Amino acid sequence: MLTNPLIATVLIFALIALGEWLSIVSRARIPMLLTAMTGFLVLVWTGIFPGDILEKSQFAALGAILIGPAIVHMGTLIPIALLKSQIKAVFISLGGILVASAIILIVVSLAFDYATAVAGVGPLSGGIIALIVTSEELAAVGKSSLVVIPALVVAFQGVLGMPLALNFMRRYALKLQKQIDANTFIPMDASVMYREASSATEQISPLKQSLTLKLFYVFVGAAIGVALGELTPIHYSLWCLAIGIIGLKLGLLESKSLEQANSFSITMVAIIFVVIGTMAGVSPQDVLANLPSILLILILGTFAIALGGYVMSKLVKWDVLKGMPVALTALFGFPADYILCEEVSRSVARNKQEEKIIFNELLAPMLIGGFTTVTVASVVLAGILVKTL
């Protein structure tokens, strides 16, 4: 029965759905990937799932095709005008992952080896796409035994990052509260965000209104990116990301292109199948053997990202309690950053007006910080570092 592709797909999908449910009810404290990947490993190790259930499903094959379009989509997430309006948040988030990358590459290379350090750096500073880029290259250079490192780093990174960011955000919100009481609070100008949102309602060409054509344009961009990746020494993920950013700027692609084509959810589910597939050949011995390096990367990386955020906050003259959570968004990204803003503003505020003020002050830099690291910087970093293996 488990050899049927649909039944095999539904069983793996059930793990993803369970992870999503737990993430929602725990307010993102239990990452979806953590549940899905650990659940898959336990079920395979105990023999409940056959070892080749992913091959039987065949859904991961679709996910492999959709990686390029997903990266093009990521390039369309952040309008350049919005990045300019939150340039300090961009600098802080980049500073965090650059400091973390430097420290991990030095310390982990000395403690273990360079390949182990590279396996953890890209995924630590981002998410699923950086994980896949890193895992693909590890397999290509014969380092398949290390794929457990990026997978488990992505699974556990939010567990450390979210409580730390929440603590800093609460302390900053209490500072804002004192400023409000003293009538010294100056609200951040979020007009650019509203302008970007309103621009989405502008009239578009009939050729861009068809969902099929919208999806086709994204696939064309991804195909060009993959072709350029084969013709040049630059990784295809970087080409796809650049095509998304340039396509949005030139008006060839729409903002959030896969969402506009009603294809984002199925794309991400298929890609998560690919992520789970990176764990298919992992044994309990592999996990135990790599556990020390994974723990070192997670602990050292979290500290280094916060340190980078602290230093950059001082340089751009931001309150460090505001800047460090922005840097830490590299560890969890959206929607966890949005949920944290919501939770902090609701728990600290004494009335609805104050809640709105605190929420608006926290949201824009947190979202931009998360988008900068998880969607752009992590893919660039992973794409560059894997070529050094």
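Just so we're clear, the structure is a prediction, and the values are computed from it rather than from any experiment.
- With rounding to the nearest 0.5 angstrom, the CG atom of Leu340 is 10.0 Å from the CG atom of Leu328.
- Residues Tyr172 and Ile358 have side chains not in contact (no heavy-atom distance under 4.5 Å, counting atoms from C-beta outward).
- From Tyr310, atom OH reaches atom CE of Met324 across 7.5 Å, with rounding to the nearest 0.5 Å.
- Phe264 and His73 have tilted rings, their planes meeting at an angle from 30° to 60° on a 0 to 90° scale.
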Steps toward side-chain hydrogen bond (donor to acceptor under 3.5 Å, both in side chains) verdict (Thr232, Trp239): CA-CA 10 Å; Thr232 68; Trp239 284 116; 2.9 Å; yes
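- Taking CD of Glu55 as the start and OG1 of Thr3 as the end, the distance is 13.0 Å to the nearest 0.5 Å.
- Under the 4.5 Å side-chain criterion, counting only non-hydrogen atoms from C-beta, Ile12 is not in contact with Phe59.
- In the displayed structure, Phe219 atom CZ is contacted under 6.0 Å by more than 12 heavy atoms of other residues, nucleotides or ligands.
- The environment of NZ in Lys175 is sparse: at most 12 heavy-atom neighbours from other residues, nucleotides or ligands sit within 6.0 Å.
- When every heavy atom of Leu215 is checked against every heavy atom of Ser263, the shortest pair comes out as CD1-OG, 3.6 Å.
- Looking at every heavy atom in both residues, Ala222 comes nearest to Pro69 through CB-N, 3.3 Å.
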List the steps, then state whether side-chain contact (heavy atoms from CB on, under 4.5 Å) holds for Phe91 with Leu315. CA-CA 10 Å; Phe91 285 149; Leu315 290 176; over 6 Å; no
Show the numbers, then the answer: is there a side-chain contact (heavy atoms from CB on, under 4.5 Å) between Val344 and Phe359? CA-CA 8 Å; Val344 168; Phe359 179 78; over 6 Å; no
Quick one, Glu354 with Ile180, criterion side-chain contact (heavy atoms from CB on, under 4.5 Å). Give me CA distance, side-chain angles, the key distance, then yes/no. CA-CA 8 Å; Glu354 195 171 272; Ile180 292 169; 4.0 Å; yes
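- Across all their heavy atoms, Ser135 and Val147 have their closest contact at O-CG1, 4.1 Å.
- Taking all atoms of both residues into account, the shortest heavy-atom contact from Leu15 to Gly39 is CD1-C, 4.1 Å.
- Gln177 places a side-chain N or O within donor-acceptor distance of the main-chain N or O of Val348, the cut-off being under 3.5 Å.
- Taking 4.5 Å as the limit, some side-chain heavy atom of Asp181 sits within range of a side-chain heavy atom of Arg350.
- At a threshold of 4.0 Å, the pair Lys322-Glu361 counts as salt-bridged, since one of the basic side-chain nitrogens sits closer than that to a carboxylate oxygen.
- At least one side-chain heavy atom of Tyr236 sits under 4.5 Å from a side-chain heavy atom of Ile71.
- No side-chain heavy atom of Ser57 sits under 4.5 Å from any side-chain heavy atom of Pro5.
- Interatomic distance, Leu258 CG to Thr76 OG1, rounded to the nearest 0.5 Å: 7.0 Å.
- Atom-to-atom distance recorded for Trp45:CH2 and Thr38:OG1 is 9.5 Å, nearest 0.5 angstrom.
- Taking the side chain as every heavy atom from C-beta outward, Ile67 and Glu136 approach each other to under 4.5 Å.
- Side-chain contact between Trp318 and Val326 is present, with at least one heavy-atom pair separated by less than 4.5 Å.
- Here the shortest heavy-atom pairing between Ile276 and Ala36 reads CD1-CB, 4.1 Å.
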Going through the checks in order, is the salt bridge (Lys or Arg N to Asp or Glu O under 4.0 Å) test met by Asp319 and Arg171? CA-CA 11 Å; Asp319 190 310; Arg171 289 163 62 187; over 6 Å; no
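- Residues Thr116 and Ile149 have side chains in contact (heavy-atom distance under 4.5 Å, counting atoms from C-beta outward).
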Determine, step by step, whether Tyr114 and Leu385 satisfy the side-chain contact (heavy atoms from CB on, under 4.5 Å) criterion, reporting the C-alpha distance in whole Å, the side-chain angles of both residues, the deciding distance to 0.1 Å, and the verdict. CA-CA 10 Å; Tyr114 181 71; Leu385 288 176; 4.1 Å; yes
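- Summarising the local packing, CZ of Phe112 is surrounded by more than 12 heavy atoms from other residues, nucleotides or ligands at distances under 6.0 Å.
- Of the inter-residue distances, the one linking Ile104 atom CD1 with Leu296 atom CG reads 8.0 Å to the nearest 0.5 angstrom.
- Other residues, nucleotides and ligands place no more than 12 heavy atoms under 6.0 Å from the CZ atom of Phe216.
- Enclosure of atom CZ in Phe13 is not indicated, since only 12 or fewer non-hydrogen atoms of other residues, nucleotides or ligands lie within 6.0 angstrom.
- Closest of all the heavy-atom pairs between Val72 and Gly221 is CG2-C, 4.0 Å.
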